[in-house]
Amino acid sequence: MTALPNNLQPLSMSQLLDRAIRLYRNNFLLFVGIVAIAQIPATAVNMVGLWLAPTPEFGFDPAATVTDIWLQTFESMGFGNNPWVWLGRLVTLLLVQLATAAMTKAVAENYLGHKIGLFDAYRKIGLSGFTLLLATFIGIFFIIALFIWWVVVPCLGWLTGLGMIFFFGLVVLPLVAPVIVLEKRGAMAGLQRAWDLARRRFWWLIGFMLLLGLFGQLIVTGPALLSVFIVESTVGSGLDTTTTTLVQQVIGLLLNLIYLPLQLSCVTLLYFDVRVRTEGFDLALLALSEEANAETLAMTAPALDSKAIPKWEEMGYFALIEVAIIVLYVALVLGFIVLALGIGGL
(Lines give C-alpha, C1' and ligand atoms only; values in the text may rest on other atoms or scores of the structure.)
Protein backbone atom coordinates (compact mmCIF):
# COMPACT_ATOMS: atom_id res chain seq x y z
CA MET A 1 0.00 0.00 0.00
CA THR A 2 1.38 3.41 -1.02
CA ALA A 3 2.00 6.25 1.39
CA LEU A 4 -0.45 9.13 1.16
CA PRO A 5 1.04 12.61 0.55
CA ASN A 6 0.22 14.98 3.41
CA ASN A 7 -0.98 17.61 0.92
CA LEU A 8 -4.05 15.62 -0.09
CA GLN A 9 -6.74 16.92 2.24
CA PRO A 10 -9.69 19.33 1.89
CA LEU A 11 -8.53 22.95 1.79
CA SER A 12 -10.18 26.30 2.37
CA MET A 13 -9.64 29.13 -0.11
CA SER A 14 -6.92 30.71 2.01
CA GLN A 15 -5.18 27.34 2.54
CA LEU A 16 -5.30 26.57 -1.17
CA LEU A 17 -3.80 29.94 -2.08
CA ASP A 18 -1.17 29.58 0.65
CA ARG A 19 -0.07 26.14 -0.58
CA ALA A 20 -0.01 27.30 -4.20
CA ILE A 21 2.15 30.31 -3.30
CA ARG A 22 4.53 28.15 -1.23
CA LEU A 23 4.77 25.59 -4.04
CA TYR A 24 5.45 28.42 -6.51
CA ARG A 25 8.08 29.99 -4.25
CA ASN A 26 9.90 26.69 -3.68
CA ASN A 27 10.01 25.96 -7.43
CA PHE A 28 10.26 29.51 -8.75
CA LEU A 29 13.06 29.00 -11.29
CA LEU A 30 11.58 25.73 -12.57
CA PHE A 31 8.07 27.12 -13.03
CA VAL A 32 9.19 30.39 -14.60
CA GLY A 33 11.54 28.47 -16.88
CA ILE A 34 8.74 26.19 -18.09
CA VAL A 35 6.59 29.18 -18.99
CA ALA A 36 9.51 31.13 -20.48
CA ILE A 37 10.36 28.33 -22.95
CA ALA A 38 6.97 28.87 -24.61
CA GLN A 39 6.14 32.47 -23.71
CA ILE A 40 9.29 34.11 -25.08
CA PRO A 41 9.02 32.55 -28.59
CA ALA A 42 5.26 33.26 -28.59
CA THR A 43 5.85 36.93 -27.79
CA ALA A 44 8.62 37.12 -30.40
CA VAL A 45 6.30 35.69 -33.08
CA ASN A 46 3.61 38.19 -32.14
CA MET A 47 6.08 41.07 -32.29
CA VAL A 48 7.33 40.01 -35.73
CA GLY A 49 3.73 39.72 -36.91
CA LEU A 50 2.94 43.22 -35.66
CA TRP A 51 6.10 44.57 -37.28
CA LEU A 52 5.26 42.97 -40.65
CA ALA A 53 1.61 43.98 -40.40
CA PRO A 54 1.36 47.24 -38.39
CA THR A 55 -1.87 47.69 -36.49
CA PRO A 56 -4.07 50.27 -38.23
CA GLU A 57 -5.05 53.43 -36.44
CA PHE A 58 -8.65 53.62 -35.29
CA GLY A 59 -10.30 56.80 -36.57
CA PHE A 60 -13.81 58.09 -36.08
CA ASP A 61 -15.90 58.47 -39.22
CA PRO A 62 -19.41 59.89 -38.67
CA ALA A 63 -20.55 58.45 -42.02
CA ALA A 64 -19.36 54.90 -41.29
CA THR A 65 -21.91 52.12 -41.08
CA VAL A 66 -22.15 49.72 -38.16
CA THR A 67 -20.44 47.02 -40.25
CA ASP A 68 -17.56 49.37 -41.09
CA ILE A 69 -17.09 50.22 -37.41
CA TRP A 70 -17.02 46.53 -36.43
CA LEU A 71 -14.46 45.71 -39.17
CA GLN A 72 -12.27 48.66 -38.20
CA THR A 73 -12.44 47.67 -34.53
CA PHE A 74 -11.55 44.07 -35.44
CA GLU A 75 -8.51 45.25 -37.41
CA SER A 76 -7.42 47.64 -34.65
CA MET A 77 -7.28 44.66 -32.27
CA GLY A 78 -4.54 43.12 -34.42
CA PHE A 79 -6.62 40.93 -36.72
CA GLY A 80 -7.73 41.37 -40.28
CA ASN A 81 -6.74 39.81 -43.59
CA ASN A 82 -2.98 39.74 -42.96
CA PRO A 83 -1.79 36.11 -42.58
CA TRP A 84 1.18 37.09 -40.37
CA VAL A 85 -1.11 38.22 -37.57
CA TRP A 86 -3.22 35.07 -37.73
CA LEU A 87 -0.10 32.89 -37.86
CA GLY A 88 1.25 34.69 -34.80
CA ARG A 89 -1.99 34.15 -32.89
CA LEU A 90 -2.08 30.45 -33.80
CA VAL A 91 1.56 29.82 -32.86
CA THR A 92 1.05 31.73 -29.61
CA LEU A 93 -2.00 29.66 -28.72
CA LEU A 94 -0.15 26.40 -29.42
CA LEU A 95 2.89 27.40 -27.35
CA VAL A 96 0.74 28.60 -24.47
CA GLN A 97 -1.12 25.27 -24.39
CA LEU A 98 2.17 23.36 -24.39
CA ALA A 99 3.41 25.49 -21.48
CA THR A 100 0.10 24.98 -19.66
CA ALA A 101 0.38 21.20 -20.04
CA ALA A 102 4.03 21.14 -18.89
CA MET A 103 3.29 23.42 -15.92
CA THR A 104 0.34 21.24 -14.87
CA LYS A 105 2.55 18.15 -14.95
CA ALA A 106 5.32 19.89 -12.96
CA VAL A 107 2.91 21.25 -10.33
CA ALA A 108 1.26 17.84 -9.88
CA GLU A 109 4.58 16.01 -9.50
CA ASN A 110 5.97 18.52 -7.02
CA TYR A 111 2.72 18.63 -5.04
CA LEU A 112 2.82 14.85 -4.69
CA GLY A 113 6.41 15.02 -3.47
CA HIS A 114 8.37 14.22 -6.63
CA LYS A 115 10.93 16.43 -8.30
CA ILE A 116 10.86 16.93 -12.05
CA GLY A 117 13.22 18.74 -14.39
CA LEU A 118 12.36 21.54 -16.79
CA PHE A 119 12.70 19.51 -19.97
CA ASP A 120 11.24 16.39 -18.31
CA ALA A 121 8.03 18.34 -17.74
CA TYR A 122 7.69 18.89 -21.49
CA ARG A 123 8.81 15.37 -22.35
CA LYS A 124 6.28 13.69 -20.05
CA ILE A 125 3.19 15.50 -21.38
CA GLY A 126 3.30 13.58 -24.66
CA LEU A 127 0.54 14.84 -26.95
CA SER A 128 -1.42 16.47 -24.13
CA GLY A 129 -0.49 19.96 -25.33
CA PHE A 130 -2.03 19.35 -28.75
CA THR A 131 -5.08 17.74 -27.15
CA LEU A 132 -5.42 20.81 -24.95
CA LEU A 133 -5.21 23.03 -28.04
CA LEU A 134 -8.00 21.03 -29.68
CA ALA A 135 -10.09 21.28 -26.51
CA THR A 136 -9.56 25.05 -26.53
CA PHE A 137 -10.91 25.34 -30.07
CA ILE A 138 -13.89 23.15 -29.18
CA GLY A 139 -14.46 25.30 -26.09
CA ILE A 140 -14.48 28.45 -28.25
CA PHE A 141 -17.12 26.93 -30.55
CA PHE A 142 -19.11 25.87 -27.52
CA ILE A 143 -19.06 29.43 -26.18
CA ILE A 144 -20.33 30.62 -29.57
CA ALA A 145 -23.12 28.04 -29.32
CA LEU A 146 -23.99 29.27 -25.83
CA PHE A 147 -24.08 32.84 -27.14
CA ILE A 148 -26.53 31.76 -29.85
CA TRP A 149 -28.58 29.98 -27.15
CA TRP A 150 -28.63 33.21 -25.13
CA VAL A 151 -29.63 35.46 -28.03
CA VAL A 152 -31.97 33.23 -30.03
CA VAL A 153 -33.82 30.92 -27.62
CA PRO A 154 -36.73 32.77 -25.93
CA CYS A 155 -37.25 32.76 -22.16
CA LEU A 156 -34.96 29.91 -21.03
CA GLY A 157 -32.09 30.97 -23.27
CA TRP A 158 -32.48 34.64 -22.39
CA LEU A 159 -32.48 33.82 -18.67
CA THR A 160 -29.57 31.36 -18.57
CA GLY A 161 -27.29 31.92 -21.58
CA LEU A 162 -25.10 34.65 -20.13
CA GLY A 163 -24.70 32.73 -16.86
CA MET A 164 -23.68 29.62 -18.81
CA ILE A 165 -21.04 31.54 -20.75
CA PHE A 166 -19.73 33.08 -17.53
CA PHE A 167 -19.46 29.75 -15.68
CA PHE A 168 -18.01 27.85 -18.63
CA GLY A 169 -15.31 30.44 -19.27
CA LEU A 170 -14.49 31.15 -15.64
CA VAL A 171 -14.54 27.66 -14.09
CA VAL A 172 -14.89 24.83 -16.62
CA LEU A 173 -12.23 25.80 -19.17
CA PRO A 174 -9.40 26.24 -16.61
CA LEU A 175 -10.09 22.74 -15.23
CA VAL A 176 -9.67 21.18 -18.68
CA ALA A 177 -5.85 21.36 -18.45
CA PRO A 178 -5.38 19.17 -15.34
CA VAL A 179 -8.07 16.77 -16.57
CA ILE A 180 -6.43 16.21 -19.96
CA VAL A 181 -2.83 16.21 -18.74
CA LEU A 182 -3.22 14.18 -15.53
CA GLU A 183 -6.09 11.87 -16.48
CA LYS A 184 -4.92 11.44 -20.10
CA ARG A 185 -8.35 12.11 -21.59
CA GLY A 186 -9.26 13.29 -25.06
CA ALA A 187 -10.51 16.77 -25.93
CA MET A 188 -14.27 16.12 -25.76
CA ALA A 189 -13.93 13.79 -22.76
CA GLY A 190 -11.76 16.38 -21.03
CA LEU A 191 -14.38 19.10 -21.47
CA GLN A 192 -17.14 16.82 -20.17
CA ARG A 193 -15.02 15.73 -17.20
CA ALA A 194 -14.14 19.36 -16.36
CA TRP A 195 -17.85 20.25 -16.38
CA ASP A 196 -18.57 17.27 -14.13
CA LEU A 197 -15.95 18.44 -11.61
CA ALA A 198 -16.98 22.09 -11.78
CA ARG A 199 -20.68 21.48 -11.09
CA ARG A 200 -19.92 19.65 -7.81
CA ARG A 201 -18.86 22.79 -5.94
CA PHE A 202 -20.65 25.37 -8.07
CA TRP A 203 -20.57 28.54 -5.98
CA TRP A 204 -17.31 27.80 -4.14
CA LEU A 205 -15.44 27.42 -7.42
CA ILE A 206 -16.95 30.62 -8.79
CA GLY A 207 -15.80 32.48 -5.69
CA PHE A 208 -12.28 31.07 -5.86
CA MET A 209 -11.85 31.76 -9.59
CA LEU A 210 -13.15 35.32 -9.15
CA LEU A 211 -10.63 35.81 -6.34
CA LEU A 212 -7.86 34.39 -8.52
CA GLY A 213 -8.93 36.59 -11.44
CA LEU A 214 -8.92 39.69 -9.25
CA PHE A 215 -5.47 38.73 -8.01
CA GLY A 216 -4.32 38.43 -11.63
CA GLN A 217 -5.71 41.86 -12.51
CA LEU A 218 -3.77 43.39 -9.64
CA ILE A 219 -0.53 41.63 -10.61
CA VAL A 220 -0.66 41.78 -14.43
CA THR A 221 -3.23 44.19 -15.89
CA GLY A 222 -2.74 47.05 -13.44
CA PRO A 223 1.09 47.14 -13.61
CA ALA A 224 0.97 46.65 -17.41
CA LEU A 225 -1.28 49.67 -17.93
CA LEU A 226 0.77 51.72 -15.48
CA SER A 227 4.02 50.75 -17.22
CA VAL A 228 2.67 51.72 -20.66
CA PHE A 229 1.47 55.03 -19.23
CA ILE A 230 4.91 55.71 -17.73
CA VAL A 231 6.65 54.84 -21.02
CA GLU A 232 4.35 57.12 -23.01
CA SER A 233 4.79 59.91 -20.47
CA THR A 234 8.58 59.56 -20.56
CA VAL A 235 9.06 59.12 -24.30
CA GLY A 236 6.16 61.29 -25.31
CA SER A 237 2.72 60.80 -26.79
CA GLY A 238 4.16 60.55 -30.31
CA LEU A 239 4.33 56.75 -30.21
CA ASP A 240 2.29 55.11 -32.94
CA THR A 241 -0.13 52.26 -32.26
CA THR A 242 2.28 49.54 -33.39
CA THR A 243 5.10 50.75 -31.11
CA THR A 244 2.73 51.03 -28.17
CA THR A 245 1.48 47.49 -28.82
CA LEU A 246 5.06 46.16 -28.96
CA VAL A 247 5.81 47.83 -25.62
CA GLN A 248 2.70 46.21 -24.17
CA GLN A 249 3.84 42.82 -25.52
CA VAL A 250 7.21 43.07 -23.75
CA ILE A 251 5.71 44.26 -20.48
CA GLY A 252 3.00 41.60 -20.67
CA LEU A 253 5.66 38.93 -21.24
CA LEU A 254 7.58 39.89 -18.10
CA LEU A 255 4.45 40.03 -15.95
CA ASN A 256 3.04 36.76 -17.33
CA LEU A 257 6.32 34.98 -16.58
CA ILE A 258 5.67 35.84 -12.95
CA TYR A 259 1.90 35.34 -12.70
CA LEU A 260 1.04 32.48 -15.08
CA PRO A 261 2.92 29.80 -13.08
CA LEU A 262 1.06 30.87 -9.93
CA GLN A 263 -2.29 30.79 -11.70
CA LEU A 264 -1.70 27.29 -13.08
CA SER A 265 -0.48 26.13 -9.66
CA CYS A 266 -3.74 27.32 -8.10
CA VAL A 267 -5.88 25.61 -10.76
CA THR A 268 -4.00 22.31 -10.44
CA LEU A 269 -4.33 22.32 -6.65
CA LEU A 270 -8.00 23.22 -7.10
CA TYR A 271 -8.40 20.10 -9.25
CA PHE A 272 -6.87 17.98 -6.48
CA ASP A 273 -9.10 19.58 -3.85
CA VAL A 274 -12.31 18.90 -5.78
CA ARG A 275 -11.34 15.26 -6.28
CA VAL A 276 -10.38 14.81 -2.63
CA ARG A 277 -13.70 16.27 -1.47
CA THR A 278 -16.03 14.56 -3.94
CA GLU A 279 -14.31 11.34 -5.08
CA GLY A 280 -12.24 10.22 -2.11
CA PHE A 281 -9.15 10.76 -4.24
CA ASP A 282 -6.84 10.48 -1.23
CA LEU A 283 -8.32 7.09 -0.29
CA ALA A 284 -8.11 5.91 -3.89
CA LEU A 285 -4.38 6.66 -3.88
CA LEU A 286 -3.99 4.73 -0.63
CA ALA A 287 -5.52 1.69 -2.29
CA LEU A 288 -2.92 1.69 -5.06
CA SER A 289 0.06 -0.59 -4.69
CA GLU A 290 2.17 1.84 -6.74
CA GLU A 291 3.78 5.03 -5.52
CA ALA A 292 1.51 8.06 -5.75
CA ASN A 293 2.62 10.37 -8.55
CA ALA A 294 1.18 12.19 -11.54
CA GLU A 295 1.37 9.02 -13.64
CA THR A 296 -1.02 7.14 -11.33
CA LEU A 297 -3.73 9.83 -11.38
CA ALA A 298 -5.44 8.36 -14.44
CA MET A 299 -5.90 5.05 -12.59
CA THR A 300 -8.03 6.72 -9.92
CA ALA A 301 -10.19 8.78 -12.30
CA PRO A 302 -13.79 7.51 -12.47
CA ALA A 303 -15.78 7.01 -15.65
CA LEU A 304 -17.49 10.01 -17.19
CA ASP A 305 -20.89 10.99 -15.83
CA SER A 306 -23.50 10.20 -18.48
CA LYS A 307 -25.76 12.99 -17.15
CA ALA A 308 -23.88 15.92 -18.67
CA ILE A 309 -27.00 18.03 -19.33
CA PRO A 310 -27.49 20.72 -16.66
CA LYS A 311 -30.16 20.02 -14.07
CA TRP A 312 -33.02 22.43 -13.45
CA GLU A 313 -31.34 23.47 -10.22
CA GLU A 314 -28.20 24.39 -12.14
CA MET A 315 -30.29 26.28 -14.70
CA GLY A 316 -31.55 28.33 -11.78
CA TYR A 317 -27.95 28.99 -10.75
CA PHE A 318 -27.16 30.25 -14.25
CA ALA A 319 -30.20 32.55 -14.12
CA LEU A 320 -29.00 33.96 -10.77
CA ILE A 321 -25.56 34.61 -12.25
CA GLU A 322 -27.11 36.44 -15.20
CA VAL A 323 -29.25 38.58 -12.92
CA ALA A 324 -26.18 39.41 -10.80
CA ILE A 325 -24.19 40.42 -13.91
CA ILE A 326 -27.00 42.64 -15.18
CA VAL A 327 -27.50 44.28 -11.77
CA LEU A 328 -23.75 44.90 -11.45
CA TYR A 329 -23.59 46.35 -14.96
CA VAL A 330 -26.54 48.69 -14.35
CA ALA A 331 -25.02 49.76 -11.02
CA LEU A 332 -21.69 50.58 -12.70
CA VAL A 333 -23.39 52.56 -15.48
CA LEU A 334 -25.46 54.52 -12.97
CA GLY A 335 -22.34 55.10 -10.88
CA PHE A 336 -20.48 56.55 -13.88
CA ILE A 337 -23.46 58.73 -14.75
CA VAL A 338 -23.70 60.08 -11.20
CA LEU A 339 -19.92 60.66 -11.16
CA ALA A 340 -20.04 62.47 -14.49
CA LEU A 341 -22.94 64.65 -13.36
CA GLY A 342 -21.11 65.41 -10.12
CA ILE A 343 -17.94 66.45 -11.97
CA GLY A 344 -20.01 68.48 -14.42
CA GLY A 345 -21.75 70.27 -11.56
CA LEU A 346 -18.42 71.18 -9.99
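Remember, it's a predicted structure, so these values are computed and weren't measured experimentally.
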Any donor-acceptor pair under 3.5 Å from Asp273 side chain to Leu269 backbone: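 No: the side chain of Asp273 does not pair with the backbone of Leu269.
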
Shortest non-hydrogen contact between Thr131 and Gly186, atoms and distance: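 Shortest heavy-atom separation between Thr131 and Gly186 comes out as CG2-C, 3.8 Å.
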
Any side-chain heavy-atom pair of Leu95 and Ile37 under 4.5 Å: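 Of all side-chain heavy-atom pairs linking Ile37 with Leu95, none is under 4.5 Å.
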
Heavy-atom pair with the smallest gap, counting every atom of Gly161 and Trp150: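 What the structure gives for the nearest pair is CA-CB, 3.6 Å.
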
Interatomic spacing from CD1 in Ile21 to CG in Leu16 - rounded to 0.5 Å: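 It is 10.0 Å, given to the nearest 0.5 Å.
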
Nearest-0.5 Å distance that lies between atom CD1 in Ile148 and atom CD1 in Ile143: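 Rounded to the nearest 0.5 Å, the CD1-CD1 separation comes out at 12.5 Å.
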
Side chain Tyr329, main chain Ala324, donor-acceptor under 3.5 Å: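 No.
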
Hydrophobic cluster membership, Phe31 vs Leu29, 4.5 Å side-chain cutoff: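 Yes, Phe31 and Leu29 fall within the same hydrophobic cluster.
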
Main-chain N/O of Leu23 paired with Asn27 side-chain donor or acceptor, under 3.5 Å: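 Confirmed, Asn27 side chain pairs with Leu23 backbone.
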
Chi angles and distances behind the side-chain contact (heavy atoms from CB on, under 4.5 Å) call for Leu270, Met209: CA-CA 10 Å; Leu270 182 66; Met209 295 306 294; 3.9 Å; yes

Centroid separation Phe208 to Phe215 less than 6.0 Å: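 That pair fails the under 6.0 Å test.
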
Tyr317 ring center near Trp203 ring center (under 6.0 Å):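 Close enough - the centres of the two rings lie under 6.0 Å apart.
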
Heavy-atom donor-acceptor pair, Tyr111 side chain to Ala20 backbone, under 3.5 Å: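 No; zero donor-acceptor contacts below 3.5 Å.
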
Contact summary for Ala102 and Ile34, nearest pair of heavy atoms: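 Scanning both residues, the minimum pair turns out to be CB-CG2, 3.7 Å.
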
Side-chain donor-acceptor pair present, Glu322, Trp158, cut-off under 3.5 Å: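 Not at all, the side chains of Glu322 and Trp158 share no donor-acceptor pair under 3.5 Å.
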
Distance in Å, Leu162 CG paired with Ile326 CD1, rounded so as to fall on 0.5 Å steps: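 That separation rounds to 6.5 Å.
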
Leu173 to Gly139 - nearest heavy-atom pair and separation: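 Where Leu173 meets Gly139 most closely, the heavy atoms are CD2-CA, 4.3 Å.
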
Near-ring test Phe167/Phe202, centroid separation under 6.0 angstrom: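 Ring centroids of Phe202 and Phe167 are less than 6.0 Å from each other.
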
Distance in Å, Ser265 OG paired with Arg19 CZ, rounded so as to fall on 0.5 Å steps: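 If we round to the nearest 0.5 Å, Ser265:OG and Arg19:CZ are 14.0 Å apart.
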
Centroid-centroid distance, Phe137 to Phe141, less than 6.0 Å: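 Here the rings of Phe141 and Phe137 have centres that are no less than 6.0 Å from each other.
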
Heavy-atom pair of closest approach, residues Leu257 and Val32: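 Distance-wise, the nearest heavy atoms are O-CG2, 3.5 Å.
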
Ile165 side, atom CD1; Phe318 side, atom CZ - distance, nearest 0.5 Å: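 Rounded to the nearest 0.5 Å, the CD1-CZ separation comes out at 11.0 Å.
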
Stepwise side-chain contact (heavy atoms from CB on, under 4.5 Å) test for Arg199 and Glu314: CA-CA 8 Å; Arg199 69 198 302 190; Glu314 292 165 338; 2.9 Å; yes

Electrostatic pair Glu313-Lys311, nearest N-O below 4.0 angstrom: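 No salt bridge links Glu313 with Lys311.
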
Within 6.0 Å of CE in Met13, more than 12 heavy atoms from elsewhere: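 Atom CE in Met13 is crowded, with more than 12 foreign heavy atoms closer than 6.0 Å.
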
Arg277 side-chain N/O to Leu11 backbone N/O, donor-acceptor pair under 3.5 Å: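 Checking the backbone N and O of Leu11 against the side chain of Arg277, a donor-acceptor pair under 3.5 Å is found.
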
Side-chain heavy atoms of Asn110 within contact of Leu30, under 4.5 Å: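 Asn110 reaches Leu30 side chain to side chain.
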
Residues Arg193, Glu279: salt bridge by 4.0 Å N-O rule: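 A salt bridge is present here (some side-chain N lies under 4.0 Å from a carboxylate O).
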
Trp204-Leu320 co-clustered via ILVMFWY side chain contacts under 4.5 Å: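 Linked, Trp204 and Leu320 end up in one cluster.
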
For Val176 against Ala135, the heavy-atom pair lying closest together: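 Closest pair (atom of Val176, atom of Ala135, distance): CG1-CB, 4.0 Å.
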
Same apolar cluster (I L V M F W Y, side chains within < 4.5 Å links), Val330/Val338: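 No.
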
Side chain Gln97, main chain Leu94, donor-acceptor under 3.5 Å: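 No; judged by distance alone, with no hydrogens or angles, the pair does not exist.
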
Flag, side chain of Asp120 to backbone of Ile116, donor-acceptor distance under 3.5 Å: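 Not at all, since once roles are kept as given, no pair shorter than 3.5 Å links the two residues.
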
Enclosure of Ile140 CD1 (heavy-atom neighbours >12, cutoff 6.0 Å):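 It does: Ile140 CD1 has more than 12 such atoms within range.
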
Flag for Trp149-Thr160: side-chain donor and acceptor within less than 3.5 Å: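 There is such a pair (donor and acceptor under 3.5 Å, judged by atom type) between the side chains of Thr160 and Trp149.
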
Within one Ile-Leu-Val-Met-Phe-Trp-Tyr cluster: Phe130 and Leu93, side-chain cutoff 4.5 Å: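 In one cluster with Phe130: Leu93, yes.
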
Euclidean distance, Leu264 CG relative to Thr268 OG1, rounded to 0.5 Å: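 Reported to 0.5 Å precision, the distance equals 6.5 Å.
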
Verdict with supporting geometry, Thr104 and Tyr271, side-chain contact (heavy atoms from CB on, under 4.5 Å): CA-CA 10 Å; Thr104 301; Tyr271 160 83; over 6 Å; no

Verify same cluster id: Phe119, Val35 (apolar side-chain graph, 4.5 Å):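 Phe119 clusters together with Val35.
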
side-chain contact (heavy atoms from CB on, under 4.5 Å) between Leu205 and Val274, intermediate numbers included: CA-CA 9 Å; Leu205 290 177; Val274 174; 4.0 Å; yes

Side-chain heavy atoms of Met164 within contact of Met315, under 4.5 Å: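 Side chain of Met164 against side chain of Met315, heavy atoms only: contact under 4.5 Å found.
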
